[in-house]
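Notes to accompany the following structure.
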Number of protein chains: 2
Amino acid sequence: MVKLTTHDRAAALAAGLDAFWQWGFHGTSMKDLERATGMHPGSIYAAFGSKRGFYVAALDRYTEDVLADLRRHASEAASPIEGLAGFVEAVALDEDRSARSCMLVKTLLEHGEGDETLRRSAESGIAAIETEIGNNLRRAQQRGEASASLEVEHAARRIQLNIMGLRSFACRPGANESVALMAHDIASEIRKLKQVPS
Amino acid sequence: MVKLTTHDRAAALAAGLDAFWQWGFHGTSMKDLERATGMHPGSIYAAFGSKRGFYVAALDRYTEDVLADLRRHASEAASPIEGLAGFVEAVALDEDRSARSCMLVKTLLEHGEGDETLRRSAESGIAAIETEIGNNLRRAQQRGEASASLEVEHAARRIQLNIMGLRSFACRPGANESVALMAHDIASEIRKLKQVPS
DNA sequence: TTGCATCTTGAGCAATCACTCAAGCATTCC
DNA sequence: GGAATGCTTGAGTGATTGCTCAAGATGCAA
């Protein structure tokens with residue numbers, strides 16, 4: 001591993017992530033990555049070790065981006081549950097990325113059987129996001145926004161399943177309008193958690 | 001295109017589907033397909049034209065399998081909505097395939113950008129399944145099982161999004177128990193469509 | 001048995017794959 | 001200025017990719 005000086009490591013990761021996101025791991029060649037990053041093969045290997053190492057680093061960056069996005073929505077919204085609902089609704093609004101699946105799901109499906117390293121890398125990212133969703137729900141409970149009897153982990157998993165489905169659904173050619181509808185549906189299901197049962 | 005005699009075309013498709021399902025389009029080499037089908041390269045090209053042609057044929061077969069499964073559940077269940085609910089619950093029970101994503105979603109995500117042929121092939125399969133779900137809902141309306149005011153296409157899309165999410169979720173390593181829980185959740189959401197509003 | 005048509009075979013094609021490494025270059029230190 | 005250090009470079013590695021096609025095997029009719 002070598003510290004990038006001339007070529008900024010963060011920029012390389014962003015460019016690499018973009019390429020992998022478009023074409024997947026097997027569909028992206030080192031030539032593609034050279035073009036995308038503007039780096040030469042030697043530099044890529046010096047910085048990331050291997051194509052797989054590059055992919056894992058890009059995937060980690062993706063996970064951090066999603067977590068940051070989630071926290072941003074949580075902090076800017078009126079309440080934790082509104083934060084989650086807003087996060088889901090934003091999927092339909094992000095023009096650049098709305099037609100792209102969740103990179104973690106993409107990884108999981110591409111390497112469903114086989115590459116254990118990438119699979120585990122994806123799983124840990126998914127688990128981190130699930131935990132963050134759970135944290136928001138717990139915060140909602142503390143505020144009295146959600147029922148204390150809510151099974152947080154179960155609800156968090158259900159929300160994440162919805163997001164996974166939504167982002168996969170969004171890859172369908174020409175699905176823009178219905179993605180917005182579905183996102184709204186899911187958001188209002190999340191808002192139903194506000195109602196505290198007796 | 002040549003009629004397979006020695007090598008049964010259906011068996012070749014099943015074996016090819018299995019390989020593509022495990023490793024994806026780019027992750028499966030012709031060598032892998034030769035091993036999986038027991039065919040020699042020349043025969044594969046005579047029968048399917050190209051690797052892509054083989055993939056499309058296998059994907060079509062997959063779609064037909066899913067549709068047949070959906071219809072089987074519909075005909076064996078007590079009612080159309082029970083048929084849909086049972087179809088979803090069965091995802092968690094199928095031991096062989098429960099750890100596998102929906103092949104159509106896998107195709108959509110792998111070729112999200114790029115291969116238009118495969119993308120369109122996946123989209124038409126997804127649309128066919130959505131239509132079949134819609135047919136079941138319409139049948140439920142005719143029987144008075146579901147409200148006449150139910151927006152069939154919207155509900156069908158929502159159900160399919162849930163199934164997409166569920167099957168992706170099922171790829172997570174060691175998710176078996178929670179997949180069953182999620183499947184049950186989704187099934188009971190489908191059953192709520194039974195309640196006819198005033 | 002012979003002649004013809006069809007099917008099967010697998011060695012081999014050019015292209016591409018992930019990856020390496022010796023040489024060139026720039027910078028930094030004394 | 002000169003030596004040392006370490007990053008950058010890209011031609012080149014052997015392996016593998018999707019795919020072809022001439023030659024051999026096979027079946028059938030006469």
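These numbers come from the heavy atoms of this one structure, side chains and all, not from hydrogens, waters or symmetry mates. Here is the naming used below: chain letters follow the sequence lines, and residue numbers restart at 1 for every chain. Keep in mind the model is a prediction, meaning the values are calculated, not measured.
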- Note on the structure: Across all chains, not counting sequence neighbours, the side chain to side chain donor-acceptor pair (under 3.5 Å) partners of A/S124 are none

- Note on the structure: Overall bend of the helix from C/dT1-D/dA30 to C/dC30-D/dG1 (five pairs an end, 10° steps) is 10°

Side-chain donor-acceptor pairs of residues 57-69 of chain A under 3.5 Å, sequence neighbours excluded:
unit_1 : atom_1 : unit_2 : atom_2 : d
A/Y62  : OH     : A/M103 : N      : 3.2
A/T63  : OG1    : A/L59  : O      : 3.1
A/D69  : OD1    : A/R72  : NH2    : 2.8

- Only counting residues at least two apart or in another chain, list the ones meeting side-chain contact (heavy atoms from CB on, under 4.5 Å) with B/E89. B/H184, B/A187, B/R191

- Side chain of B/H40 - closest among D/dC19, C/dT20, C/dT9: C/dT9

- So, are B/R119 and B/E113 salt-bridged, with charged N and O less than 4.0 Å apart? no

- Compare the minimum distances between each of C/dG10, C/dT8, C/dT20 and the side chain of B/P41, then state the nucleotide with the smallest one. C/dG10

- Rounded interatomic separation in angstrom, taking CD from A/E34 and C1' from D/dG12: 13 Å

- Separation of C/dC17 C1' from A/R35 CZ (nearest whole Å): 13 Å

- Task: In plain terms, say whether A/E130 and B/R172 are close enough for a salt bridge, that is, a side-chain N and a carboxylate O under 4.0 Å apart.
- Result: yes

- Item | Integer-rounded Å distance: C/dC17 P and A/R52 CZ | 17 Å

- Hey, is B/K106 close enough to A/E110 for a salt bridge, meaning N to O under 4.0 Å? no

- Message: Using whole Å, what does the distance between atom P of nucleotide D/dC7 and atom CZ of A/R9 come to?
- Response: 14 Å

- Item | For B/R52, all residues meeting side chain to side chain donor-acceptor pair (under 3.5 Å), sequence neighbours excluded | B/D115

- Whole-Å distance, B/I44 CD1 to C/dT9 P, equals 11 Å

- Query: Whole-Å distance between D/dG10 C1' and A/Y45 OH?
  - Reply: 14 Å

- Item | Within residues 20-32 of chain B: residues closer than 4.0 Å to DNA chain D (heavy atoms) | B/T28, B/S29, B/M30

- Query: In the single-linkage hydrophobic clustering (I, L, V, M, F, W, Y; side-chain heavy atoms under 4.5 Å), do B/M182 and A/V88 co-cluster?
  - Reply: yes

- Item | Pairing of B/E76 and B/R71 as salt bridge, 4.0 angstrom limit | no

- Could you state the CG-C1' distance from B/D8 to C/dC7, rounded to the nearest angstrom? 16 Å

- Query: Could you state the NZ-C1' distance from A/K51 to C/dT20, rounded to the nearest angstrom?
  - Reply: 17 Å

